Amino acid sequence: MDKLKIKGGAPLQGQIQISGAKNSALPAMAATLLTAEEVTLENLPMVNDIITTRRLLRELGSEVEFPSNSSARLKTRNVISHEAPYELVKTMRASVLVLGPLLARSGRARVSMPGGCAIGARPIDLHIKGFEKLGASVATEYGYVEATAKRLKGANIVFEKITVTGTENLMMAATLAEGTTTLGNAALEPEVADLAQLLNKMGAKISGAGTSTITIEGVDTLHGAKHSIIPDRIEAGTFLAAGAMAGGDLELVSCDPGHLTSVISKFREAGVNIEEGKGRVRVRGGSPLRSADVVTHEYPGFATDMQAQYMALMTQANGISLITESIFENRFIHASELVRMGANIRIDGSRAVVAGKSRLTGATVIASDLRASASLVLAALVAKGVTTVDRIYHLDRGYEKLEEKLRSVGAHIDRVK
Ligand code: UD1
């Protein structure tokens with residue numbers, strides 16, 4: 001298993017290119033199942049979740065080619081299987097995103113129940129209730145969700161709780177339904193709006209994506225299209241934290257500061273020096289950081305996917321900060337590893353109390369989810385001595401060339417096979 005070895009203390013100087021958003025690319029790839037024609041996706045991040053999705057789509061009958069290392073051509077002439085097996089769903093929960101497209105295109109889908117994961121229970125009951133409202137029969141047995149429908153029928157669906165992939169799954173399903181669907185209390189995430197853009201290019205009639213009410217007028221068929229994925233706001237936020245902690249002068253390019261508003265304003269409150277430009281953000285480290293409380297929230301609030309990285313940042317701020325996780329019930333697994341590196345963190349239910357500034361020292365650390373691993377890399381960049389981050393397959397699921405990007409701006413970081 002690969003590890004990262006990081007020697008802390010080097011300031012970060014230079015430019016980093018932000019990749020396409022993983023959480024936009026995954027639903028976009030699933031959406032290509034809705035048409036028999038070819039869809040070209042550009043600005044894809046070449047991360048392991050994309051490779052897993054390619055595997056899944058190929059099993060369902062798609063031809064998937066990567067003509068370059070940031071684009072894919074996908075074509076599903078015929079759906080040859082309706083099943084997302086346990087082996088794939090257990091490595092990547094986002095596999096559930098094929099439910100909506102399969103059901104809409106061919107009236108049948110069978111997907112392994114995702115079950116729990118490192119950050120909490122994560123059920124898909126809201127996806128299922130939505131499909132039932134669209135007229136599907138859904139059975140959950142033998143560890144699988146099996147949905148069938150002759151043709152889905154438009155309906156009025158109000159989500160009891162905001163769900164990102166739930167909104168995406170239902171939006172995809174409704175594109176081919178008979179009649180009009182409205183999704184209320186929909187997720188506002190930019191990735192939802194990006195997916196709607198792709199679907200509209202494919203001939204769907206969606207309005208309101210990016211607001212809490214989305215309207216989808218069903219059509220009979222969808223066609224091929226070409227679409228470029230939006231920049232990854234979580235990758236950008238992670239590098240902003242790196243620049244703020246390690247010092248130096250770092251510029252992130254090909255990103256969208258408009259999607260980073262709450263992260264940038266929270267970082268500024270904590271004393272981080274950030275300049276925004278068109279498609280770029282510059283962070284200059286070195287100024288003392290101060291504590292600032294944060295509560296994670298659905299977009300446009302502070303993303304839960306930035307919580308672990310923010311905790312690493314707060315270990316370097318003077319004072320006590322309170323970090324409240326309101327989206328997932330068990331998302332503080334990184335805290336105990338940060339403590340092993342010298343951080344002063346206490347967990348009380350959904351709250352973490354971080355007292356800084358701590359002098360961090362290198363250690364061998366492990367994390368069991370993607371963003372938790374990122375927070376350990378951030379801590380390692382400022383720790384005295386060498387940190388070994390183990391089990392980096394989590395990082396490889398969602399960060400494209402993380403160590404190469406950091407090394408190019410001066411970090412002492414190596415991958416050990
Ligand atoms: C997506 C993101 C993930 C991010 C999360 C929250 C992708 C591929 N993943 O995950 O990176 O951390 O949004 O921003 O885009 N819930 C239910 N029932 C459901 C669905 C969700 O109770 O049917 C709950 C979840 O357990 C959680 C909350 O709703 O507490 C939000 O989850 P959701 O927005 O669905 O997360 P994902 O779409 O899985």
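In this text the structure is predicted, and so the values were computed from the model without any measurement. First listed ligand is number 1; within each ligand, the first listed atom is number 1. Side chains included, hydrogens not; waters and symmetry mates left out as well; all remaining heavy atoms used.
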Please check whether I327 reaches ligand 1 - meaning an N/O of the residue sits under 3.5 Å from an N/O of the ligand, judged on distance alone.
yes

Nearest-option assignment for atom 38 (O) of ligand 1, heavy atoms, candidates V192, T165, T167:
T165

T304 versus T296, side-chain donor and acceptor atoms under 3.5 Å:
no

So is P123 in contact with ligand 1, going by heavy-atom distances below 4.0 Å?
yes

Side chain, backbone, both or neither: which part of T163 comes within less than 4.0 Å of ligand 1 when only heavy atoms are counted?
both

For ligand 1, indicate whether the residue T304 contacts it via side chain, backbone, both or neither (heavy-atom separation under 4.0 Å).
side chain

Can you confirm whether the side chains of H82 and E146 place a donor and an acceptor under 3.5 Å from each other?
no

Would you kindly specify which portion of R93 sits under 4.0 Å from ligand 1, judged on non-hydrogen atoms: side chain, backbone, both or neither?
side chain

Would you say H297 contacts ligand 1, with heavy atoms under 4.0 Å as the rule?
no

Do any heavy atoms of E191 fall under 4.0 Å from ligand 1?
no

Contact (N/O only, under 3.5 Å) between L26 and ligand 1
no

With respect to E189, determine whether any N or O atom, backbone or side chain, lies less than 3.5 Å from an N or O atom of ligand 1.
no

Looking only at the side chains, is there a donor atom on one of Y310 and R371 sitting less than 3.5 Å from an acceptor on the other?
no

